[in-house]
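Input: a single structure, listed below in structure tokens.
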Amino acid sequence: MHTKLITDALTTLREQKPLVVNITNYVVMNNSANALLAVGASPIMAHSRLEMAEMMSFAGALVINIGTLDSVWIERMAFAIEQANENQKMVILDPVGCGASSLRTDTSRRFAALAKRLIIRGNASEIIALAGEVSQSKGVDAQDSSSAALTAAASLVETYQCNVVVSGETDYIVSKDPETLEVTIIALDNGHAMMPLITGMGCSLTALTGAFAAVGETTGLAAAAVMGVAGEIAAEQANGPGSLQVALLDTLYALDVDTLAERLKLSVVNI
């Protein structure tokens, strides 16, 4: 069931080529845009408040990444989220460095509360801090294991009525079953240890999460699966982080549903 959801979502994304609005940080704009293009989506890195209402009227989803935060960007992002709400579009929030400063933590919580249709994608330390627990962040890097964030992720699902993707050595997708209303957790054990050595790898996953959300896959599962499998395949061809970055784009572009299904390492976690 989960595998078919993932492969069907990839097929649909490539057919529909959804437009994803990204208000993201200066460091990763190029990475995120290229990842979206490679997988089959259409990125726009829009930041002006003057065009945001118009943009969100026809875009598929909104990605908010607070990596290079300042007072001007905060209000632009808040306005964009309001426009996404008005147009009933998904908001994908990447709370970069949440827990590293009160500004990042407070802003992340403000945006999570503001968004009506929300997916949160972060590393374990960010998710733990966002939920109000004590995390072990070091700047924007996680010091906690992804499994340590499961309780926090489940709390966020309940608090904000959202879905949560926790990135790490194992990725966890935490969501509420629409029928049973129970919190479910899916673990993905794809990926490679070299992936965290490339800046913006998680930010690219956030962007892909937006693309899949735009075509109706709003748990974050398909994006995490595609990114993990693509990273794993790319690492087999790479000599280091530099060549991995290039190989990842090539792999996202060439990845077919049969390879995706065959390589998936997916399990359901009981809580």
Side-chain angles (χ1 to χ4, degrees), residues 18-39 41-49 52 55-56 59-85 89-101 103-115 117-127 129-130 137 139-142 156 160 162-168 171 195-196 198-214 218 220 223-224 227 245:
L19 178 67
V20 183
V21 174
N22 296 260
I23 305 185
T24 191
N25 70 73
Y26 294 117
V27 180
V28 304
M29 288 184 193
N30 185 66
N31 307 57
S32 297
N34 281 333
L36 285 166
L37 287 168
V39 82
S42 178
I44 184 164
M45 320 315 273
H47 293 83
S48 174
R49 183 184 178 115
M52 196 54 62
M55 283 286 179
M56 291 317 306
L62 171 67
V63 171
I64 297 289
N65 178 309
I66 70 165
T68 49
L69 199 62
D70 66 26
S71 58
V72 174
W73 277 45
I74 289 172
E75 298 312 316
R76 287 181 185 174
M77 290 173 169
F79 181 74
I81 294 170
E82 291 170 353
Q83 297 311 304
N85 289 344
K89 303 296 171 64
M90 293 295 301
V91 175
I92 297 79
L93 173 63
D94 192 331
V96 179
C98 182
S101 71
L103 177 67
R104 290 174 182 269
T105 304
D106 293 345
T107 301
S108 297
R109 291 174 182 164
R110 174 187 173 188
F111 290 167
L114 183 60
R117 294 166 179 80
L118 176 66
I119 305 171
I120 300 169
R121 201 298 308 169
N123 65 41
S125 298
E126 292 161 349
I127 296 302
L130 185 58
S137 61
V140 300
D141 297 323
L156 293 175
Y160 298 113
C162 66
N163 296 323
V164 178
V165 178
V166 186
S167 299
D171 293 331
M195 293 175 73
I198 300 173
T199 187
M201 190 65 71
C203 302
S204 294
L205 171 55
T206 302
L208 294 188
T209 303
F212 280 100
T218 59
M227 191 69 167
Q245 189 165 22

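How far CE of M201 is from OG of S167: 11.0 Å, rounded to the nearest 0.5 Å. Here the straight-line distance linking atom CG of N34 with atom CD of Q245 works out to 8.5 Å at 0.5 Å rounding. Between the CG atom in L93 and the CE atom in M77 there is a gap of 9.0 Å [rounded to 0.5 Å]. Taking OG of S101 as the reference point, atom CG of L69 lies at 7.5 Å (rounded to 0.5 Å). Atom OG of S108 and atom CG of L130 lie 6.0 Å apart (nearest 0.5 Å). Rounding to the nearest 0.5 angstrom, the gap separating the CZ atom in F111 from the CD1 atom in I74 is 6.0 Å.
Applying the side chain to side chain contact (heavy atoms under 4.5 Å, CB included) test to N25 and every residue at least two apart in sequence or in another chain returns V27, V28, N65, T68, C203. Legend: residues meeting salt bridge (Lys or Arg N to Asp or Glu O under 4.0 Å) with E75, ordered by chain and number and at least two apart, are R110.
Counting heavy atoms from C-beta outward, N163 and V165 have side chains that stay 4.5 Å or more apart. The side-chain heavy atoms of S42 and V20, taken from C-beta on, include no pair separated by under 4.5 Å. Two residues are said to be in side-chain contact when any heavy atoms from C-beta on lie closer than 4.5 Å; M29 and N22 fail this criterion. Side-chain atoms of S204 and M227, non-hydrogen and from C-beta on, do get closer than 4.5 Å to each other. Side-chain contact between F212 and M90 is absent, with no heavy atoms from C-beta onward closer than 4.5 Å.
Panel note: side chain K89, backbone L62; no donor-acceptor pair is recorded below 3.5 Å. A donor-acceptor contact shorter than 3.5 Å is absent between the side chain of Q83 and the backbone of M56. In this structure, the side chain of N123 engages the main chain of S125 through a donor-acceptor pair within 3.5 Å. Of the possible donor and acceptor atoms, one in the side chain of N85 sits under 3.5 Å from a partner among the backbone N and O of L114. With hydrogens and angles disregarded, a donor-acceptor distance shorter than 3.5 Å links the side chain of T105 to the backbone of G99. When atom types are taken as modelled, the side chain of D106 and the backbone of L103 share no donor-acceptor pair closer than 3.5 angstrom. Within the 3.5 Å criterion, the main-chain N or O of F79 finds no donor-acceptor partner in the side chain of R49.
Shortest non-hydrogen contact noted between T24 and W73 is O-CZ3, 2.8 Å. Considering every non-hydrogen atom in both I119 and A213, the closest pair reads CD1-CB, 3.9 Å. The two residues P43 and A41 have their closest heavy-atom pair at CD-O, 3.8 Å. Of all heavy-atom pairs between R104 and G97, the closest is CD-O, 3.5 Å. Minimum heavy-atom separation, P18 to A211: CG-O, 3.6 Å. Residue A59 comes nearest to V21 through the heavy atom pair CB-CG2, 3.5 Å, listed as atom of the first residue, atom of the second, then distance.
Residues T206 and R121 bring a donor and an acceptor atom of their side chains to less than 3.5 Å of each other.
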Check: Hey, mind stepping through I23 and V63 against side chain to side chain contact (heavy atoms under 4.5 Å, CB included) and telling me if it holds?
Finding: CA-CA 6 Å; I23 305 185; V63 171; over 6 Å; no
Next item on the list: List the steps, then state whether side chain to side chain contact (heavy atoms under 4.5 Å, CB included) holds for L208 with L36.
Entry: CA-CA 6 Å; L208 294 188; L36 285 166; 4.1 Å; yes
Margin query: For D94 and I92: C-alpha separation, side-chain torsions, deciding distance, then whether side chain to side chain contact (heavy atoms under 4.5 Å, CB included) applies.
Written below: CA-CA 7 Å; D94 192 331; I92 297 79; over 6 Å; no
Notebook entry, point to check: Can T218 and R117 be said to form a side chain to side chain contact (heavy atoms under 4.5 Å, CB included), step by step?
Noted result: CA-CA 9 Å; T218 59; R117 294 166 179 80; over 6 Å; no
